[in-house]
Amino acid sequence: MAWFRKSGRKQLETSDSDLWTICPSCSAHIYKQEWEAGLKVCPKCNHHARISSTERRDLLIDSGTWREYAAHVTTSDPLLFSDAKGPYKEKAAAAKTKTGLKESVLTGDGKIGGIPVSMAIMDFRFLGGSLSSGCGEKITLTAEHAGRHRWPFIILSASGGARMHEGIISLMQMAKTCAAIARLNDLGVPYLSVLTDPTTGGVSASYAMLGDINIAEPHALIGFAGRRVIEQTIKQKLPDDFQTAEYLLEHGFIDHIVNRKDMKEFLHRVLQYGKRR
Amino acid sequence: MAWFRKSGRKQLETSDSDLWTICPSCSAHIYKQEWEAGLKVCPKCNHHARISSTERRDLLIDSGTWREYAAHVTTSDPLLFSDAKGPYKEKAAAAKTKTGLKESVLTGDGKIGGIPVSMAIMDFRFLGGSLSSGCGEKITLTAEHAGRHRWPFIILSASGGARMHEGIISLMQMAKTCAAIARLNDLGVPYLSVLTDPTTGGVSASYAMLGDINIAEPHALIGFAGRRVIEQTIKQKLPDDFQTAEYLLEHGFIDHIVNRKDMKEFLHRVLQYGKRR
Amino acid sequence: MALDFEKPLEEIESRIGELKKLNEKSDVDFDTEIAALEKKLRSTSKRVYSKIGPWETVQIARHPERPLLRDYIQGLCTEFLELHGDRCFGDDQGIIGGFATLRQHRVMIIGHQKGKTVEENIKANFGMASPDGYRKAMRLMNLAAKYKLPIVSFIDTPGAYPGLEAEARGQAEAIARNLTDMSTLPVPVIVIVTGEGGSGGAIGIGVGNVVLMLSNSVYSVISPEGCATILWRDGSKAPEAAAALKITADDLVALGIVDEIIPEPVGGAHRNMDATIESVGDVLVKHLRRLKKMSAKRLIDQRYDKYSKIGRYKKK
Amino acid sequence: MALDFEKPLEEIESRIGELKKLNEKSDVDFDTEIAALEKKLRSTSKRVYSKIGPWETVQIARHPERPLLRDYIQGLCTEFLELHGDRCFGDDQGIIGGFATLRQHRVMIIGHQKGKTVEENIKANFGMASPDGYRKAMRLMNLAAKYKLPIVSFIDTPGAYPGLEAEARGQAEAIARNLTDMSTLPVPVIVIVTGEGGSGGAIGIGVGNVVLMLSNSVYSVISPEGCATILWRDGSKAPEAAAALKITADDLVALGIVDEIIPEPVGGAHRNMDATIESVGDVLVKHLRRLKKMSAKRLIDQRYDKYSKIGRYKKK
Ligand SMILES: [Zn+2]
Ligand SMILES: [Zn+2]
């Protein structure tokens, strides 16, 4: 599979040797080859490490069927924003260079086990997967595209929340994308949400939580407010499993926790039930 | 007002003198005249005593505008039911003689401050206001009647639950009445629910809980399962205010607690907002 | 586990068992005796089960070895994809549900979940659902409506859970909401009572285009014990109450509540689970085929008419 | 209470006050001095308020004496019939709502509730709503849809409540659900930011056909303090963050988010509450009149277009 060859470069940065990868969760030393073959899931503790949007696409979409959509959309700088570290424009440019992406989400369509779908895959590497005008626009355009073709729509989320460098424009993307999801509901077009580590802030409080089925990867951090903010507010320590996928399942917000290696098959199974009748 | 003259007969049974009424809640001695003038609400503790369906009608409906509807419906005995005390048929006949009613609900239409409404008023005197085939039928017919005329529909509940003497037929009235309410919702016809003491069991778990607005009289007992059953199940004492109107307000199920003397005005105010536009 | 009225059968069965063991161990041949006993078992079974009353039916309906929702799912479905959560508070285990492929038909299955072990029963609250359970069920039914999937609802509950938390979170509201929203579902809804149909807890997921019952299941406005306590002031009069309440499948067909009875093997579903499940499958598929041909509007209207007819008053 | 940058004004005001007192008590006449000071107050006010920056605006938007939802209701509505409860868990006081008659127009009002006293603020969680609050709001908006009533949503919140319970009961889900369901409401929705428009907690009841802002209110994806802590690694850089985030009414009109600014009296809404409330009423009525003429379909389409245009990417 293409995807783990591509990601080799990233591993060099996070591993302390060329042979081993250290699990960020349990610190187990895993042979790099095993780590890659295992889709960056720790064989000891089932920690699902973050992976890129192209890796996810290659894991889920039938080989040779992907067509990117709304690929022209890239970052905007509606506020002409600048912070202590300099202009947002430069930060965005650096992110593009580093990741080879134009925005925090990859959008397109392809097939899953032969079933055509539209898909939006967020990429945490690109400015923390933040929801920006470009990201919201890509998701909305792709949802509308899915609606026109009556293709099921799947979003894989991985995001720290709204991109504050785009201020109110990024906040409004929550409303914009949710309105697009509402239209899919009215059309009876399936919409599935896959929540991966992390899915927080404005992304958790918009499209990520609204799937016909909400699916999460194991142990993924999912929540609205930040852990530290909550602890400061309520002046209590939070339980360890707070805001994990498992916690959300228990509290009624997630339908299923699915291992990365089983995700394609699981989506395919669900899609059978949403087929047009 | 006609209604408290009519109810004089009943007071003789519950009061221990001709002059005084003893409040069933705080045991205060209230001059009978004051008690009646106060609509059988205790001036000391605001206890709202149970009153009859005709008393409620006279309190709420503009004088001279009431027309009974579905008045022909009376009790049935679909199971040919008999218990330790004898046949249900005889029990029902006795209830009819005692109350002068034909079923546990009074149905009809009239005006509230000039606004035409359909109304169903349950009467706890008739076999504990139990939901029977006749009661469910009257409510359903009246709801359908309201739908045809686009008149707002109001149910005043007072019931211990389903009438077990009619077995499964009475249970099915929950589904039957709720389906009629669903049709009113689809038509955009307002439906208001007034919960009075007591509203429990199958009545709480059907139309009584489904008002566009749920209104309760103060301190009314409202709940699904019986207090004793719950205490046996969970092996704990329940809080004192458990299943009171005030408790339900706090837990999000009641919009407003309204004193009996203010109920007509309150309904009239709400009805202004549901007027056809 | 044998029920009280099954004791004569149990005796014959245990003697057959002993003889069979002897047959293996010793040289003496007990085949004739065994054959005779088996004949006797058949005739006694016929006699015993032909005259069981409503109270005995209640015992069978509650039999701990009776097939449960998960047995039907396992027996009938090539796939069951359980879905979780009410999107509001929790994931009650008193009612479960999910996508299922039932003999080639893609459907949404929901139903009460009882347990076979103590552990399972505690998790599922003995099949007594909380408001979260009813709300989860409604969420899944609304999803079925979006996906145009027929709904099959399995009923087997002593009743909705009577607890402090359940009341505080709106047991009454949750059931009422389901009764209302189920009445306008634009997809086929098949309800099947497989064990106990306990009052509001049952009807809370029980508004269908067609209502089926296993021959030894019961469906009642109140438990016989509860009714006896109130109307006889004596819980031990439950058998009398069971009879008076007309809670058997035959009674319910006669009363126009139930559309079809699914016969169980002699002695009850638990005596031949596979056969029972097969029969359930056959009947479900028959109705699925029929109902899938109906338009959304017809389904809604037919369901409305079905319930509005129940207790329709005829002038005498 | 005077804000920091208002100190010069406060000094002049207090001297005027002293002279006025003296005027009453003594025989000496200070009228000339008072007139001079009042003139000075006017010019200083003009100077001070004409050059306030975004951070000063934040201070005014959060001013403890600024009019709150209940002030607007009291000032504008001949009737307010508060409705309670989410029909599921509770009756949050961080968001309230109900039927209201706003200058002859029957509407549904919802909005964040802050308090003026400590007690009120604790009850309303300082205007930070819980999931129950968002769900109550949506219930009331759906009721407005049934009754064909326009909705007016008043936004004034630091943000959705960040608590353990709020997360456990689905703060994210509740806001997401509202964003979705508000987008298809078949009635006019007017949103007005009267104080703080705090992030997801604001937009959670903020999807409208028209979005209005008081001239000294702010609306932001994150609080300036929060942004400064993250991007400047120094919370005291909040003024810089406030400026960079473009959170004032003027900025938001320029960005195409806000449709109209309602001017406040010099010094802010709290310096002349009655005048502020009157202006709000005038603008609300203007938009109510306009939107009430639109069909359900047009309202839904217009609202969709409004949001889909925000951040529309134009090829460069
Ligand atoms: Zn590990
Ligand atoms: Zn009293």
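A quick note: this is a predicted structure, and the numbers were derived from the prediction, not measured. The chains referred to below are lettered A, B, ... by the order of the sequence lines, with proteins before strands, and numbering in each begins at 1.
No more than 12 heavy atoms of other residues, nucleotides or ligands sit less than 6.0 Å from atom NZ of A:Lys89. By the neighbour-count criterion of 12 heavy atoms within 6.0 Å, atom CG of D:Asp305 is densely surrounded, having more than that number from other residues, nucleotides or ligands. Within 6.0 Å of NZ in D:Lys148 there are 12 or fewer heavy atoms belonging to other residues, nucleotides or ligands. Within 6.0 Å of CZ in A:Arg276 there are 12 or fewer heavy atoms belonging to other residues, nucleotides or ligands.
Counting only heavy atoms from C-beta outward, the side chains of A:Ile168 and D:Val221 never approach each other to under 4.5 Å. For the pair A:Ser76 and D:Tyr313, the minimum side-chain heavy-atom distance is below 4.5 Å. D:Tyr161 is listed as a side-chain neighbour of A:Thr233, based on a closest heavy-atom distance under 4.5 Å. Between A:Cys178 and D:Asp181 there is no side-chain heavy-atom pair separated by less than 4.5 Å. D:Arg233 places a side-chain heavy atom less than 4.5 Å from the side chain of A:Lys85. Side-chain contact check for D:Thr184 versus A:Arg183: every heavy-atom pair is 4.5 Å or farther apart.
Looking at A:Gln243, only its side chain comes within 4.5 Å of chain D, counting heavy atoms on both sides. With a threshold of 4.5 angstrom between heavy atoms, D:Glu173 approaches chain A through its backbone and through its side chain. Residue contact with chain D, scored on non-hydrogen atoms closer than 4.5 Å, involves the backbone and the side chain of A:Ser204 alike. With a threshold of 4.5 angstrom between heavy atoms, A:Ala180 approaches chain D through its backbone and through its side chain. Contact annotation for D:Ile257: only side-chain heavy atoms (C-beta onward) come within less than 4.5 Å of a heavy atom of chain A. Only the side chain of A:Asp186 comes within contact range of chain D, judged by heavy atoms closer than 4.5 Å. Only the side chain of A:Glu144 has a heavy atom closer than 4.5 Å to any heavy atom of chain D. Neither the backbone nor the side chain of A:Tyr207 comes within contact range of chain D; no heavy atoms are under 4.5 Å apart. No part of A:Leu248 comes within reach of chain D, as not one of its non-hydrogen atoms sits under 4.5 angstrom from that chain. D:Arg169 touches chain A through its backbone: at least one of N, CA, C or O sits under 4.5 Å from a heavy atom, while the side chain does not.
Options D:Leu255, D:Leu252, D:Val207, D:Asn178 differ in how many heavy-atom pairs under 4.5 Å they form with chain A, and the most are formed by D:Leu255. Counting heavy-atom pairs closer than 4.5 Å to chain A, the top-ranked of the candidates D:Ala254, D:Gly170, D:Ala160, D:Ala166 is D:Gly170. Ranked by non-hydrogen atom pairs under 4.5 Å with chain D, the options A:Ser133, A:Ala208, A:Ala205 are led by A:Ala205. If you tally non-hydrogen atom pairs under 4.5 Å between each of D:Glu167, D:Met128, D:Lys237, D:Gln171 and chain A, the highest count goes to D:Glu167. With chain D as partner, the option from A:Met172, A:Glu231, A:Met174, A:Met209 having the largest number of non-hydrogen pairs under 4.5 angstrom is A:Met172. Residue with the most contacts toward chain A among D:Ala168, D:Gly163, D:Ser183, D:Gly204: D:Ala168 (heavy-atom pairs, distance under 4.5 Å).
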Run the side chain to side chain contact (heavy atoms under 4.5 Å, CB included) test on A:Leu141 and D:Arg312 for me, step by step, so that the C-alpha distance in whole Å, both residues' side-chain angles and the decisive distance to 0.1 Å come before the verdict.
CA-CA 10 Å; A:Leu141 291 176; D:Arg312 177 113 301 176; 3.8 Å; yes
Apply the test side chain to side chain contact (heavy atoms under 4.5 Å, CB included) to residues A:Phe81 and D:Leu231: give CA-CA distance (whole Å), side-chain angles for both, the deciding distance (0.1 Å), then the verdict.
CA-CA 11 Å; A:Phe81 191 91; D:Leu231 294 186; 3.6 Å; yes
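The nearest pair of heavy atoms linking A:Ala175 to D:Ile203 is CB-CD1, 4.0 Å.
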Could you list the donor-acceptor pairs under 3.5 angstrom formed between side-chain atoms of residues 243-250 of chain D and any protein atom two or more places apart in sequence or on another chain?
unit_1   : atom_1 : unit_2   : atom_2 : d
D:Lys246 : NZ     : A:Leu79  : O      : 2.8
D:Thr248 : OG1    : D:Asp251 : N      : 3.3
D:Thr248 : OG1    : D:Asp251 : OD2    : 3.0

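Atom-to-atom distance recorded for D:Leu164:CG and A:Phe242:CZ is 5.0 Å, nearest 0.5 angstrom. We find the SG-NE2 distance between D:Cys227 and A:His165 to be 7.5 Å, quoted to the nearest 0.5 Å. Distance check: D:Lys314 NZ to A:His72 NE2 gives 11.5 Å after rounding to the nearest 0.5 Å.
Sorted by first and then second residue, the pairs that involve residues 195-222 of chain A and meet salt bridge (Lys or Arg N to Asp or Glu O under 4.0 Å), not counting sequence neighbours, are A:Arg50-A:Asp197, A:Arg56-A:Glu217, A:Asp212-C:Lys146, A:Glu217-A:Arg260.
Of the possible donor and acceptor atoms, none in the side chain of D:Glu240 sits under 3.5 Å from a partner among the backbone N and O of A:Asp83. For A:Gln173 (side chain) and D:Ile310 (main-chain N/O), a donor-acceptor pair under 3.5 Å exists by modelled atom type. A donor-acceptor contact shorter than 3.5 Å is absent between the side chain of A:Lys176 and the backbone of D:Tyr307.
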